[in-house]
Amino acid sequence: MRDETHDPARASWVEGAAGHPDFALQNLPYGVFSAGDAPRVGVAIGDHIADLATLEAAGLVRPDPDRTVFDAAALNPFMALGPPAWLATRRALSRLLGGEDGRLKDDPALAARALVPAARARLHMPFAVAEYTDFYASREHATNVGTMFRGADHALPANWLHIPIGYNGRASTVVVSGTDIVRPMGQLKGARDRAPRFAPCERLDFELEVGAVVGVPSAMGTRLTTAEADAAIFGYVLLNDWSARDIQVWEYVPLGPFQAKAFATSISPWVVTAAALEPFRVAPPERAVPLLGYLVEETPNNLDLSLTVDLAPAGGAARTVSRTNARGLYFSAAQQLAHHSACGCAMRVGDLLGSGTVSGPEAGSWGSLLELGWNGTTPVPLADGTTRAFLEDGDTLTLRGWCEREGAVRIGFGAVGGTVLPARP
Ligand code: MN
């Protein structure tokens with residue numbers, strides 16, 4: 001539902017916030033930060049972070065009348081209060097930072113304490129990841145990978161148009177942007193090798209994804225409708241699902257990815273709320289086959305979210321190697337969550353659902369090196385004249401995302417970055 005918090009005519013009085021490409025008043029993404037002191041919850045506003053623990057202690061926001069939720073190193077206590085508290089807090093913050101509620105704007109001493117320059121802050125993991133599930137929702141990505149490994153005639157598995165395919169990943173190795181990624185060790189076996197060997201991954205890759213953050217739990221045995229699932233999503237992050245292609249190709253039969261995906265998943269530090277993204281909802285692609293009833297959506301649940309991938313070699317300049325958009329994903333996060341709960345699987349506050357690699361229809365819009373370099377056959381040129389079939393030590397990957405539309409203020413996700421470090425044999 002759109003409301004006054006989306007009104008493009010409103011702007012924040014906080015210096016530098018009006019017209020900020022990522023964090024204008026209409027966004028208000030949540031994160032966890034510290035500035036030489038204890039981590040606590042804040043919202044990004046322009047080049048500042050509004051310290052919600054300070055605003056809560058001053059009584060300017062109070063999502064839970066019985067206890068504080070923002071003097072915490074994770075968003076989980078706030079998310080656990082549920083959608084009415086999320087909406088009331090968004091409206092209260094919008095009025096405080098928009099100036100209609102003058103209690104912050106007109107109190108320079110409080111404003112000086114509560115507005116922390118982002119340049120002085122360190123950003124932490126925004127929420128405690130309860131569990132992590134990764135999906136495979138881009139038809140273009142699934143078709144590319146299927147074409148490479150099974151041929152164009154059998155590119156999409158028989159189940160793909162019916163089921164939001166996924167696997168249960170690891171929450172323990174989901175890390176925040178800026179965390180270095182050590183090249184994993186694993187079992188490698190080439191098609192012509194007689195036996196596997198234990199060695200550093202030779203086909204290290206990224207996956208450009210969008211992560212949905214679940215804020216409403218569901219009990220074991222409860223099936224969520226797509227509408228209930230949509231309402232249970234607190235917000236979204238950018239997600240890099242680092243992947244070891246050579247480990248995966250040997251290990252995945254018959255139970256799917258395991259070590260190839262378990263070593264690291266990076267997320268952006270700001271959780272952009274589903275509420276902020278209301279103006280950017282779009283309908284999914286046309287269905288190739290009718291969906292089963294429990295997956296049918298009553299609202300447009302896809303997001304018009306532009307995405308880029310920059311790749312920089314050690315000490316070198318970055319080059320944008322992919323530009324795409326999440327709007328074309330075949331299954332929305334709401335459909336994935338409804339499917340996840342369809343067997344009676346319980347969901348928790350802080351569950352993270354990866355969209356699957358976001359690839360568009362054109363060659364420059366693919367969300368992995370596996371596709372951009374077509375399984376190593378057409379290496380990708382970088383700014384320094386070298387090429388990449390797969391990632392090398394010292395490479396830095398940076399994913400960015402933003403929503404932009406006529407009649408709405410641009411909403412940015414910021415970035416998620418990570419640098420590859422050598423393996424530890
Ligand atoms: Mn993935």
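Each ligand, and each atom within it, is numbered from 1 in the order the structure gives. When reading the values below, keep in mind they use all heavy atoms of this one structure, side chains included, and skip hydrogens, waters and symmetry mates.
A distance of 5.5 Å separates CG in Leu372 from CZ in Phe206, rounded to the nearest 0.5 Å.
Of the possible donor and acceptor atoms, none in the side chain of Trp160 sits under 3.5 Å from a partner among the backbone N and O of Ala155.
Tested against Leu115, the residues Ile45, Ile49, Leu55 include a single side-chain contact (heavy atoms from CB on, under 4.5 Å) partner, Ile45.
For a distance threshold of 2.8 Å, the protein N, O or S atoms nearer than that to the Mn ion (ligand 1), listed by chain and number, are Asp134 OD2, Glu207 OE1, Glu209 OE2, Asp241 OD2.
Using a 4.5 Å heavy-atom cutoff, the side chains of Tyr30 and Met79 are not in contact. For the pair Phe78 and Phe234, the minimum side-chain heavy-atom distance is below 4.5 Å.
The cationic atom of Arg287 (NZ for Lys, CZ for Arg) lies less than 6.0 Å from the six-membered ring centre of Tyr330 and within 45° of the ring axis.
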